[in-house]
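Note that the structure is a prediction, hence the values are computed from the model and not measured. Chain A is the first sequence line, chain B the second, and so forth, proteins listed ahead of strands; every chain is numbered from 1.
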2 protein chains.
Amino acid sequence: MGHQTVTWDRPTADCPVEVALAAISGRWATLVLRDLMRGPRSFSQLRAGQPSLSAKVLTERLESLVAQGLVSCSRSPGFPVRTSYSLTSKGLLLRPLLEQLYRTGEALLGEFPDH
Amino acid sequence: MGHQTVTWDRPTADCPVEVALAAISGRWATLVLRDLMRGPRSFSQLRAGQPSLSAKVLTERLESLVAQGLVSCSRSPGFPVRTSYSLTSKGLLLRPLLEQLYRTGEALLGEFPDH
DNA sequence: CAGGATCCTAAAAGATACTG
DNA sequence: CAGTATCTTTTAGGATCCTG
């Protein structure tokens with residue numbers, strides 16, 4: 001059980017396809033993004049959504065998304081800390097891509113093995 | 001210099017998103033697919049298209065695509081052998097996804113860093 | 001020409017334990 | 001609660017040499 005992602009480096013970093021791939025790269029990335037598409041989520045909520053996703057990998061995925069400007073994070077003052085991750089307007093641009101991934105996958109599943 | 005791909009495993013193998021991700025998974029995958037979208041290509045032609053892609057990795061990528069029924073391969077009789085890889089009708093279903101990857105990447109590049 | 005066979009390295013992912 | 005720190009394992013990718 002895992003979740004697949006786009007994780008390699010780019011031929012030319014300025015290629016739009018590579019930029020888009022970077023956004024959905026890494027195991028669990030699309031599942032985390034799907035959760036965030038539904039609204040802000042805390043670290044724990046994101047973990048609960050994907051029980052077999054470790055804290056380490058979730059942290060890595062979130063750091064990557066934040067670094068790309070696709071997700072922002074706010075922390076509640078006080079204690080214990082509460083976080084709230086949410087998509088930026090840039091991150092929302094990924095919705096059509098996720099939808100197309102779903103549609104294409106459905107189409108592939110509906111096709112016969114080859115030809 | 002490389003090319004990024006979706007390369008992880010799936011949470012649930014029957015999830016359409018995972019199926020679509022599997023198709024574009026692995027470094028160089030989208031570039032090889034783009035070449036094939038333009039018509040049948042031989043092994044050498046595919047290598048020439050991506051000079052820094054090794055024979056080993058190209059072989060792996062093609063095997064994966066063939067295994068998924070997205071690409072078919074024919075060999076010329078005689079010697080030396082000539083191969084011709086081409087997209088199956090199933091493989092052609094990936095075109096809208098590649099286009100969406102491009103569009104989304106363009107949109108991301110056009111956005112400001114965050115928010 | 002079109003790969004196969006090896007070996008090696010570099011990342012990514014996972015498990016576990018611990019901290020502010 | 002929200003992570004960080006380590007360590008180990010896994011896997012992808014690259015380099016080189018060889019074959020039908």
N/O (side chain, A:Tyr85) to phosphate O (OP1/OP2, D:dC1) under 4.0 Å = no

Bend angle of the helix from C:dC1-D:dG20 to C:dG20-D:dC1, end axes from five pairs each (to 10°) = 50°

All side chain to side chain contact (heavy atoms under 4.5 Å, CB included) counterparts of A:Glu60, not counting sequence neighbours = A:Lys56, A:Val57

With sequence neighbours left out, what residues match B:Thr59 under side-chain hydrogen bond (donor to acceptor under 3.5 Å, both in side chains)?
-> none

Hits for side-chain hydrogen bond (donor to acceptor under 3.5 Å, both in side chains) against B:Gln100, two or more places apart or cross-chain, chain-then-number order -> B:Arg103, B:Thr104

With sequence neighbours left out, what residues match A:Tyr102 under side chain to side chain contact (heavy atoms under 4.5 Å, CB included)?
-> A:Glu106, B:Pro16, B:Val17

Rounded to the Å, how far apart are B:Glu60 CD and D:dG14 P?
-> 9 Å

Could I get the full list of side chain to side chain contact (heavy atoms under 4.5 Å, CB included) partners for B:Pro40, not counting sequence neighbours?
-> B:Ser84, B:Ser86

Under-4.0 Å side-chain N/O to phosphate OP1/OP2 contact, A:Arg61 with C:dA13 = yes

Which residues in residues 39-49 of chain A have at least one heavy atom lying under 4.0 Å from any atom of DNA chain D?
-> A:Ser42, A:Phe43, A:Ser44

Quick one: list whatever passes side chain to side chain contact (heavy atoms under 4.5 Å, CB included) with B:Gln45, sequence neighbours left out.
-> B:Arg41, B:Ser42

Considering residues at least two apart in sequence or located in another chain, which fulfil the side-chain hydrogen bond (donor to acceptor under 3.5 Å, both in side chains) criterion with A:Ser64?
-> A:Gln68

For DNA chain C, which residues in residues 76-84 of chain B have a heavy atom at a distance below 4.0 Å?
-> B:Pro80, B:Val81, B:Arg82, B:Thr83

Residue list, side-chain hydrogen bond (donor to acceptor under 3.5 Å, both in side chains) with A:Arg47, at least two apart or on another chain = none

